[in-house]
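Throughout, protein chains are lettered first and strands after them, A, B, ... in sequence-line order, and every chain is numbered starting at 1. Source: prediction; values computed, not measured.
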There are 2 protein chains.
Amino acid sequence: MPSDQQSEHSDQPVDELDARLLLLLTDEPRLGVLECSRRLGVARGTVQARLDRLVERGVLTGFPPALDLGAMGYGLTAFAVVEIAQGRRAEVCEGLAAIPEVCEVHATTGQGDLFVRMVARSNADLQRVVDHVVDVPHVRRLSTSIALSTPVPPRVRPLLERVKGRPPR
Amino acid sequence: MPSDQQSEHSDQPVDELDARLLLLLTDEPRLGVLECSRRLGVARGTVQARLDRLVERGVLTGFPPALDLGAMGYGLTAFAVVEIAQGRRAEVCEGLAAIPEVCEVHATTGQGDLFVRMVARSNADLQRVVDHVVDVPHVRRLSTSIALSTPVPPRVRPLLERVKGRPPR
DNA sequence: TAGATCACTATACAAATTGCCCAGCGAAAT
DNA sequence: ATTTCGCTGGGCAATTTGTATAGTGATCTA
């Protein structure tokens, strides 16, 4: 018999079952709906419904292929803080977006600056990329630093684990 | 004597077909092998073989679920440059990894510093997270900046597009 | 308190997909 | 000349998906 006295409804965007499902998919993304239902010990329809709802709510945005840029030849990752001319963010971002090696751009507090993540094939190649960046109109100053290692790779797991462990508030 | 021209075998980690396949999966990650083969106009076995090889080579590491942290309640993203005590990187990273809101850590050039990406539910919550970070032993200084927007979200597409468009080299 | 809802279980069934295998073919490498 | 390798095209059984439907207990609402 399923049923405890769970009184959480639409308040929590992700409840425990959702978290367990997402965690499962995080570990083995290729699992089908059926397999998931078996592992979680719930009916297939439930898993299906949960997934649909997560997508609706915008929590789950898809299953994009994870590529290892290093294995693709882009062994270098660098971060750059970009200082730009006042009020030119849109143009600058457009210019940055046009550079394939620019993998991510954020506008941050501090001085209306931008924060950029980029990759390159080698130091020489990075030089080239950086040159491209500084050539973007309205870019005033660029402070680059190279990633030597990544002690904590991008992750969401701990956040899900917390939901899973903690009864919804 | 290495007759160049088109001797692309094991040199290019990702050839055009690979790129087209990955691009296709980037846009519609849930596609099955069969559907992919239809879209690309090649035999099913070919797609299967390509995928297997990409995984072998370590280029394709999987299809992890993409979660929107914002939709999950973590609407704030912040970056921090962490200055640490000499030779304590391992300990510090361990400490940082123990904080669920810390989503990513890189060791960068500059001063043997760390670069951290973290999320929070609100400004007050960010305060709490930051406090946790500074409480990690051997953390000397913390410079935090909040992400106001993300003009260029994490992407790999342009890199693949380039491979696709350009004949091998 | 009597419905009305909602989430989940449990089944069912046709259609599609997967996993695997095999023979043939052409280009490149030995 | 012979072998190797990648791709094609087909085949087949087993599994999974897409979609429905009915039943049940708990929560919400008038």
Side-chain angles (χ1 to χ4, degrees), chain A residues 1-25 27-60 62-63 65 71-72 160 163-164 166-169, chain B residues 1-25 27-60 62-63 65 71-72 163-164 167-169:
Chain A
M1 308 304 140
S3 98
D4 305 45
Q5 57 283 52
Q6 56 215 94
S7 56
E8 38 65 40
H9 243 320
S10 53
D11 56 336
Q12 192 95 7
V14 174
D15 71 4
E16 187 190 318
L17 182 55
D18 288 326
R20 286 204 297 143
L21 175 56
L22 291 175
L23 235 18
L24 181 60
L25 286 171
D27 295 333
E28 303 184 61
R30 268 331 222 184
L31 290 187
V33 177
L34 187 55
E35 218 0 71
C36 288
S37 72
R38 280 195 279 255
R39 307 265 186 117
L40 297 175
V42 298
R44 179 163 66 115
T46 304
V47 172
Q48 210 123 42
R50 291 306 187 116
L51 283 177
D52 289 345
R53 250 174 298 163
L54 285 171
V55 171
E56 267 180 65
R57 294 178 195 158
V59 174
L60 178 60
F63 293 83
M72 282 177 63
L160 288 175
V163 175
K164 175 180 154 197
R166 212 99 64 194
R169 175 132 38 263
Chain B
M1 7 80 158
S3 62
D4 299 279
Q5 296 311 357
Q6 61 201 133
S7 56
E8 42 70 33
H9 240 321
S10 53
D11 58 335
Q12 190 96 6
V14 174
D15 72 3
E16 188 189 320
L17 181 55
D18 288 327
R20 286 203 298 143
L21 175 57
L22 290 175
L23 235 17
L24 181 60
L25 286 171
D27 295 332
E28 303 184 61
R30 270 330 224 184
L31 289 188
V33 177
L34 186 56
E35 227 347 82
C36 288
S37 73
R38 280 196 280 256
R39 307 265 186 116
L40 298 175
V42 299
R44 180 164 65 115
T46 304
V47 172
Q48 210 122 41
R50 290 308 187 116
L51 283 177
D52 289 346
R53 250 173 297 162
L54 285 171
V55 171
E56 267 180 67
R57 292 177 197 160
V59 173
L60 178 60
F63 293 81
M72 282 178 63
V163 175
K164 174 182 154 197
R169 154 85 87 293

Handout entry: Minimum heavy-atom distance between B:R57 and A:A71, given as atom pair plus value
Key = O-CB, 3.8 Å

Exercise for the section: Supply the atom-to-atom distance A:L25 CG to A:C36 SG, rounded to the nearest 0.5 angstrom. Expected result: 4.5 Å

Handout entry: Below 4.0 Å: OP1/OP2 of C:dG19 and any side-chain N or O of B:Q48
Key = yes

Exercise for the section: Would you kindly give the CG-to-P distance between A:L34 and C:dT11, to the nearest whole Å? Expected result: 14 Å

Problem - Residue pair B:R39, B:E28: steps toward the side-chain contact (heavy atoms from CB on, under 4.5 Å) verdict - result: CA-CA 11 Å; B:R39 307 265 186 116; B:E28 303 184 61; 2.8 Å; yes

Handout entry: d(CD, A:E35; C1', D:dA14) in whole Å
Key = 14 Å

Handout entry: A:T46 vs B:L31, nearer the 5' end of DNA chain C by closest nucleotide
Key = A:T46

Problem - Atom pair distance, as rounded to whole Å: CG in B:L51 and P in C:dC20 - result: 14 Å

Exercise for the section: Rounded off to whole Å, could you give me the CG-to-C1' distance for the A:D15 and C:dC6 pair? Expected result: 14 Å

Handout entry: Closest nucleotide among D:dT16, C:dT9, D:dC7 to the A:R38 side chain
Key = D:dT16

Practice task
Verify the contact: side-chain N or O of A:R30 to OP1 or OP2 of C:dT17, cut-off strictly under 4.0 Å; return yes or no.
Solution key: no

Exercise for the section: With sequence neighbours excluded, tell me which residues meet side-chain hydrogen bond (donor to acceptor under 3.5 Å, both in side chains) with A:Q48. Expected result: none

Exercise for the section: Check whether any side-chain N or O of B:R44 sits under 4.0 Å from OP1 or OP2 of D:dG11, and answer yes or no. Expected result: no

Practice task
Please state whether the phosphate of D:dC5, meaning OP1 or OP2, lies under 4.0 angstrom from any side-chain nitrogen or oxygen of B:R53.
Solution key: no

Fill in the blank from the handout: Quick note, A:R50 side chain, CB onward, closest among D:dC7, C:dT17, C:dC8 is C:dC8

Problem - Atom pair distance, as rounded to whole Å: CG in B:D52 and P in D:dG6 - result: 12 Å

Exercise for the section: Would you indicate which nucleotide in D:dT17, C:dT9, D:dT8 comes nearest to any side-chain atom of A:V42? Expected result: C:dT9

